[in-house]
Amino acid sequence: MEVVAEEKKPRDEFSVASVSELSAPASSSSSSLVVARFISDNGFAELRFERGSEPGEKIQLDLRNAQLFTLSPVQSVCMVEAPESNKERTYSRGITIQFRNEEESRAFHCAFEQWKKEVIVQGLHLPNGSVSTSKSKFDSKIEASSAKMYFHYYGQLLHQQNMLQDYVRTGSYYAAVIENRTDFAGCVVVDVGAGSGILSLFAAQAGAKHVYAVEASEMAEYARKLIAGNPALAQRITVVKGKVEEIELPEKADILISEPMGTLLVNERMLESYVIARDRFLVPNGKMFPGVGRINVAPFTDEYLYIEVANKALFWQQQNYYGVNLTPLHGSAFQGYFSQPVVDAFDPRILVAPAVSHVINFSSVKEEELYEIDIPLKFTSSIGARIHGLACWFDVLFHGSSVQRWLTTAPGAPTTHWYQLRCVLSQPLYVMPGQEMTGQLRMVAHTAQSYTLYLTLSTKMWGPGAEQGGILQTSSGKLDLKEPYYRMSQPQVYPVAQDQQPNQLLQTQDIPIHTQDEDGSDFIQQPSQHSGAELSSL
């Protein structure tokens with residue numbers, strides 16, 4: 001295992017001539033040497049002054065709120081900011097520091113700035129498992145109410161059971177780990193968002209040297225209990241309660257394992273935490289399980305679904321609802337229902353063109369690149385039909401040294417708890433066989449741990465002279481991935497069109513997708529139709 005050299009810590013102890021409170025009379029200043037220490041203890045960084053003649057007396061200052069100002073070459077004042085009550089900066093306390101010489105004053109100022117930067121801003125040198133009290137990256141981009149609901153949800157065993165009983169999901173993870181024992185044996189593993197701790201236990205079964213199970217919700221306590229109930233594995237697993245953006249670990253990881261996928265892969269924005277964990281804890285060239293994600297999209301036709309969504313707004317067409325005319329709100333209600341992505345399982349025969357894929361390499365993607373995702377759309381219809389919107393699903397790849405395994409949520413594959421997702425357009429489009437469709441799916445992250453989806457789809461001229469033609473029809477929609485319509489129905493049986501072969505579009509998963517890695521070599525191949533299928537090469 002590669003050992004990463006630690007950066008040199010700044011100097012943490014000084015002897016100064018005297019210290020005194022600004023509010024105290026001059027006679028109260030200490031007359032003997034004072035020891036000044038910078039200390040990081042239990043996640044708090046502070047500056048302590050201890051008088052040599054009175055070892056029991058201490059002055060303690062929280063470095064998060066402290067500022068150091070120079071009064072003279074050998075005298076400074078350390079001011080502590082008051083809690084934020086208004087926009088104006090105020091100070092609640094001041095300590096005058098008298099140095100023995102200018103050199104000591106400069107060294108103290110330098111150490112003060114280093115400690116504030118390294119301990120407070122970057123969160124370095126905090127004890128294992130402790131949480132930085134400064135505002136984390138997670139807190140700065142996610143609204144508190146959303147985070148509270150999120151961690152409450154995943155802190156309940158019934159929701160963990162729902163995920164554990166998704167045997168496609170859990171079985172794929174188990175197979176990916178156990179089939180690649182050589183990747184885990186003797187290695188340090190970090191489980192990001194460990195939940196019940198099941199993936200940590202899988203890693204330990206595969207021979208991991210040590211596993212750090214990081215979980216921010218109250219599920220961490222259940223994970224400790226579950227792991228303790230498996231004593232043969234428990235001695236190699238440590239549960240760390242906290243966010244990966246805030247906690248510290250005593251060593252780097254050779255492998256990260258996580259289940260960060262939400263609906264449409266990116267919902268809940270946990271992929272960003274997975275990437276942050278990579279940057280903070282993974283050794284160079286370390287492995288990530290999974291290491292690649294792919295969003296697949298294809299146009300679909302489904303008259304039943306379109307009518308179902310549109311009819312929801314019929315309520316608002318009543319002109320005499322207890323004497324009230326509801327029709328002024330019909331238009332808003334109609335658009336509101338079409339702003340909900342539909343989550344359910346559907347028959348893949350409703351797809352009218354092969355899927356387009358957008359690949360995300362978890363090993364190299366930057367966190368900021370997940371804030372806004374643009375997927376250009378270009379399809380050629382295989383049949384004549386009304387296009388009611390865009391169908392979406394995702395796959396992830398476990399790129400093990402021994403076996404490469406896909407976990408897919410594709411239509412026609414065994415159903416998972418993610419199901420599939422469809423963006424329904426309020427204005428359908430009409431296409432003929434061979435007609436081209438273009439557009440864009442733009443996904444913009446928001447503070448409620450989800451994304452706003454902007455979908456535009458257009459049809460181009462077809463037939464003789466089409467190469468000189470332009471756009472014929474355009475339809476667009478704005479949808480909130482945070483507020484889906486959970487339809488959860490089983491796939492309906494649809495009649496096969498006369499010009500469509502029975503399993504013509506079941507082959508969408510077999511379309512080769514060529515993606516280049518940083519070296520320019522082929523990075524990814526399309527999985528087979530079946531979930532968990534092995535790839536002979538990557």
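The chain is numbered in sequence order, starting from 1.
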Output the distance between atom [atom1] ([X]) and atom [atom2] ([Y]), rounded to the nearest 0.5 Å.
X: Arg278; Y: Ser364; atom1: CZ; atom2: OG; answer: 7.0 Å
X: Tyr485; Y: Gln340; atom1: OH; atom2: CD; answer: 9.0 Å
X: Lys241; Y: Ile247; atom1: NZ; atom2: CD1; answer: 14.0 Å
X: Leu481; Y: Ser450; atom1: CG; atom2: OG; answer: 4.0 Å
X: Cys392; Y: Leu455; atom1: SG; atom2: CG; answer: 8.0 Å

Contact between [X] and [Y] at the side-chain level, heavy atoms closer than 4.5 Å - yes or no?
X: Cys187; Y: Lys287; answer: no
X: Glu367; Y: Asp279; answer: no
X: Tyr167; Y: Pro414; answer: no
X: Leu265; Y: Val396; answer: yes
X: Tyr274; Y: Leu370; answer: no
X: Pro290; Y: Leu407; answer: no
X: Asp191; Y: Phe202; answer: no

Is it the case that more than 12 heavy atoms not belonging to [X] sit under 6.0 Å from its [atom1] atom?
X: Tyr222; atom1: OH; result: no
X: Glu218; atom1: CD; result: no
X: His417; atom1: NE2; result: yes
X: Asn285; atom1: CG; result: no

Mind checking whether Tyr154 and Tyr150 have parallel, tilted or perpendicular rings, split at 30° and 60°?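 Perpendicular: the ring planes of Tyr154 and Tyr150 meet at over 60°.
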
According to the interplanar angle, ranging from 0 to 90°, do the rings of Phe300 and Phe346 count as parallel (below 30°), tilted (30 to 60°) or perpendicular (above 60°)?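 Rings of Phe300 and Phe346: parallel, as their planes differ by under 30°.
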
State, to 0.1 Å, how close [X] and [Y] come at their nearest heavy-atom pair, and which atoms those are.
X: Arg269; Y: Ile142; value: NH1-CD1, 3.9 Å
X: Phe379; Y: Ala298; value: CE2-CA, 3.9 Å
X: Ser339; Y: Gly336; value: OG-O, 2.5 Å
X: Gly197; Y: Ala223; value: N-CB, 4.2 Å
X: Asn180; Y: Val403; value: OD1-N, 2.9 Å
X: Ser273; Y: Val192; value: O-CG1, 4.4 Å

Can any side-chain N or O of [X] pair as donor or acceptor with the backbone N or O of [Y] at less than 3.5 Å?
X: Asp183; Y: Ser401; result: yes
X: Arg405; Y: Val177; result: no
X: Arg422; Y: Gly389; result: no
X: Arg181; Y: Gln205; result: yes
X: Ser475; Y: Pro428; result: no
X: Arg169; Y: Thr416; result: no
X: Ser476; Y: Thr456; result: no
X: Glu259; Y: Met261; result: yes
X: Asn162; Y: Leu158; result: no
X: Arg294; Y: Ser357; result: no

Check [Y] with [X], please: is the shortest side-chain N to carboxylate O separation under 4.0 Å?
X: Glu369; Y: Lys366; value: no
X: Lys482; Y: Asp480; value: no
X: Glu248; Y: Arg280; value: yes
X: Asp254; Y: Lys209; value: no
X: Glu245; Y: Lys141; value: no

Picking from Val190, Val211, Val188, Val189, what satisfies side chain to side chain contact (heavy atoms under 4.5 Å, CB included) with Ile255?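 Passing option: Val189.
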
Test applied, side chain to side chain contact (heavy atoms under 4.5 Å, CB included); reference residue, Val356; option that passes from Leu390, Ile295, Leu441, Val297: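 It is Val297, the one option of Leu390, Ile295, Leu441, Val297 that forms the side chain to side chain contact (heavy atoms under 4.5 Å, CB included) with Val356.
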
Could you check Thr447 against Glu143 for side chain to side chain donor-acceptor pair (under 3.5 Å), going step by step and ending with a plain yes or no? CA-CA 5 Å; Thr447 58; Glu143 60 188 45; 3.0 Å; yes

Verify whether the ring centers belonging to Phe289 and Tyr173 lie closer than 6.0 Å.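 No, they do not, as the ring centres are separated by 6.0 Å or more.
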
Would you say the rings of Phe138 and Phe151 are close, in the sense that their centroids are separated by under 6.0 Å?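 Ring-ring flag for Phe151/Phe138: true, centres closer than 6.0 Å.
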
Can you list the steps and then say if Leu305 with Arg487 is a side-chain contact (heavy atoms from CB on, under 4.5 Å)? CA-CA 10 Å; Leu305 176 62; Arg487 194 165 177 240; 3.7 Å; yes

Under the ring-ring contact (aromatic ring centres under 6.0 Å, His included) rule, collect the residues that match up with Tyr451, sequence neighbours excluded.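 ring-ring contact (aromatic ring centres under 6.0 Å, His included) check on Tyr451 returns nothing, list empty.
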
Within the 3.5 Å criterion, strictly below it, is a donor on Ser217 or Glu215 matched to an acceptor on the partner's side chain?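 Yes - a donor-acceptor pair under 3.5 Å links their side chains.
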
Starting from the C-alpha separation in whole Å, work towards a yes-or-no answer on side-chain contact (heavy atoms from CB on, under 4.5 Å) for Met443 and Leu453. CA-CA 5 Å; Met443 307 161 64; Leu453 310 180; 3.6 Å; yes

Given the rule in the ring-ring contact (aromatic ring centres under 6.0 Å, His included) test, do Phe338 and Tyr306 qualify, once you have shown the distances and angles that lead to the verdict? CA-CA 9 Å; Phe338 280 95; Tyr306 178 80; 5.5 Å; yes

